[in-house]
Amino acid sequence: MPKRKLLQIGNITSRMADRLESEFDIIEYFKFQNKEKLISDNAKEIVCVLTDGHWGVPDNLIERLTGLEIISSYGVGYDAIDADFAASKNIVVTHTPEVLNNEVADTAIMLWLAVYRQLIQADRWARQGNWEKEGSFPLSRSVQNQKVGILGLGRIGETIAKRAKAFEAEIHYHSRSQKDNDYHYHISPKELAKNVDVLFVITPGGNSTKHLVDESVLKALGKSGTLINVSRGSVVDEMALIKALQTGTLGFAGLDVFEAEPIVPKELKSMENVVLTPHIGSATTQTRQSMGDLTCDNLLSYFKSGKVFTPVPECSKLNLL
Ligand code: A2R
């Protein structure tokens, strides 16, 4: 029997390729010059798409792949896939929640510490010989006993909160819904920002959260406030953020995500009150391996038993095949 055709959008690891090659005929989308011909020649035979949070799957591809049954995405955020549209066509979308909670939370805490303790400047001070020439590095700010805000108290947000508590933090949050815990709930992102020293942004991306952090939220966070974004660039109004940091309306930022990745605005690159990382939230060998395993498990299980492990909420009912 010929192998099922899998359309691969984006990169996969060799471990993932090893697991999938025996089951699937893997078609690497980006290797084809004539994508139009590739799709028209294989529209009925491609039964699965493997993609990631960055590339997703365009709606017109979902529309044209008439044999498509499952989209398995490598990452928890799936805002680049219209999951409602896929579900309406009986296509299951899966993602990789939970296995990256600790890593993304660690990245968030790393950025917080780097901003407060001026890690980048201190490293430069040591490397460039300023210690010998000018003496001790100037005092920085302590992360102890801060009011910590979490915008999006979901799986990763909760993991950030647990870590922040180890620094004696008082936890505040805003989510769509209030949770049953002893953290302080705020009715809006602006109210949350007004009441904290540091604001961690960890909602999903997409239309419903676009520019949830706008000029008014940044102003409420204030001139000694710090914004840490490890969610999606789209959640923060980047133009407003640049202006707020330039004018001192907002004090500091630690950013792992940007609106037009991989482009990092030049204004941010030149700021001393900002720490920048290139979307490395979950990017360790161990966590990417777990994410890759789950991405493959979903695909292999679907074709073996009709079940998947981690469908996105929009498709959870389709799992009952
Ligand atoms: O469903 P709720 O009430 O727990 O709220 C979710 C919250 N959220 C929002 N909060 C305020 N305004 C919104 N429009 C809004 N939309 C969603 O974000 C929930 O507390 C949180 C998301 O949590 P999870 O679904 O558990 O996602 P997880 O695994 O923590 O990942 C979050 C994002 C991914 O979508 C990637 O973009 C990134 O982290 O790596």
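Ligands are counted one by one from 1 in listed order, and the atoms in each one are counted from 1 as well. This structure is a prediction, so every number in the text was calculated from the model and none was measured.
- Closest protein heavy atom to atom 22 (C) of ligand 1: Pro204 CD, 3.6 Å.
- Of the protein's heavy atoms, Thr203 O, 3.5 Å lies nearest to atom 33 (C) of ligand 1.
- Ligand-side atoms of ligand 1 in range of Val76: 29 (O), 34 (C), 36 (C), 40 (O), range being under 4.0 angstrom from any heavy atom.
- Considering backbone and side-chain N/O of Leu153, one or more are found under 3.5 Å from N/O of ligand 1.
- For Lys35, the NZ atom sits in a packed shell: over 12 heavy atoms of surrounding residues, nucleotides or ligands are nearer than 6.0 Å.
- Counting heavy atoms closer than 4.0 Å to ligand 1, residue Thr209 contributes side-chain atoms (C-beta onward) but none from N, CA, C or O.
- Proximity of a side-chain donor or acceptor of Thr107 to a complementary backbone N or O of Gly281 within less than 3.5 Å is detected.
- The contact set between ligand 1 and Leu212, taken as ligand atoms under 4.0 Å from a residue heavy atom, comprises 12 (N).
- Of the options His174, Lys210, Arg155, Lys179, the smallest heavy-atom separation from atom 29 (O) of ligand 1 is shown by Arg155.
- Considering Glu158, His279, Arg176 only, the shortest heavy-atom separation from atom 16 (N) of ligand 1 involves Arg176.
- Within the 4.0 Å heavy-atom criterion, neither part of Glu98 lies near ligand 1.
- Looking at atom 7 (C) of ligand 1, its nearest protein heavy atom turns out to be Gly152 CA, 3.8 Å.
- The proximity of Ile202 to ligand 1, defined as any non-hydrogen pair under 4.0 Å, involves the side chain as well as the backbone.
- For ligand 1, one of its N or O atoms has an N or O atom of Ser177 under 3.5 Å away.
- Under a 3.5 Å cut-off, the side chain of Ser72 and the backbone N or O of Leu50 do not form any donor-acceptor pair.
- Within the 4.0 Å heavy-atom criterion, the part of Ser231 lying near ligand 1 is the backbone and not the side chain.
- Distances from ligand 1 to the non-hydrogen atoms of Ser208 include at least one value under 4.0 Å.
- Around atom CZ of Arg117, no more than 12 heavy atoms belonging to other residues, nucleotides or ligands sit under 6.0 Å away.
- Defined by atom type and a distance below 3.5 Å, a donor-acceptor pair is present between the side-chain atoms of Lys179 and Ser177.
- Exactly one of Leu20, Asp18, Thr13 qualifies for a side-chain contact (heavy atoms from CB on, under 4.5 Å) with Cys296. That residue is Leu20.
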Stepwise ring pair (Phe, Tyr, Trp, His ring centres under 6.0 Å) test for Tyr29 and Trp55:
CA-CA 11 Å; Tyr29 189 58; Trp55 294 110; 9.1 Å; no
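- Between the side chains of Arg141 and Thr226, at least one donor-acceptor pair of N or O atoms lies under 3.5 Å.
- In this structure, the side chain of Thr94 does not engage the main chain of Pro311 through any donor-acceptor pair within 3.5 Å.
- Asn229 contributes a side-chain N or O that, together with a main-chain N or O of Arg232, makes up a donor-acceptor pair within less than 3.5 Å.
- Between Gly154 and ligand 1, at least one N/O pair is under 3.5 Å apart.
- The shortest N/O to N/O separation between Ile156 and ligand 1 falls below 3.5 Å.
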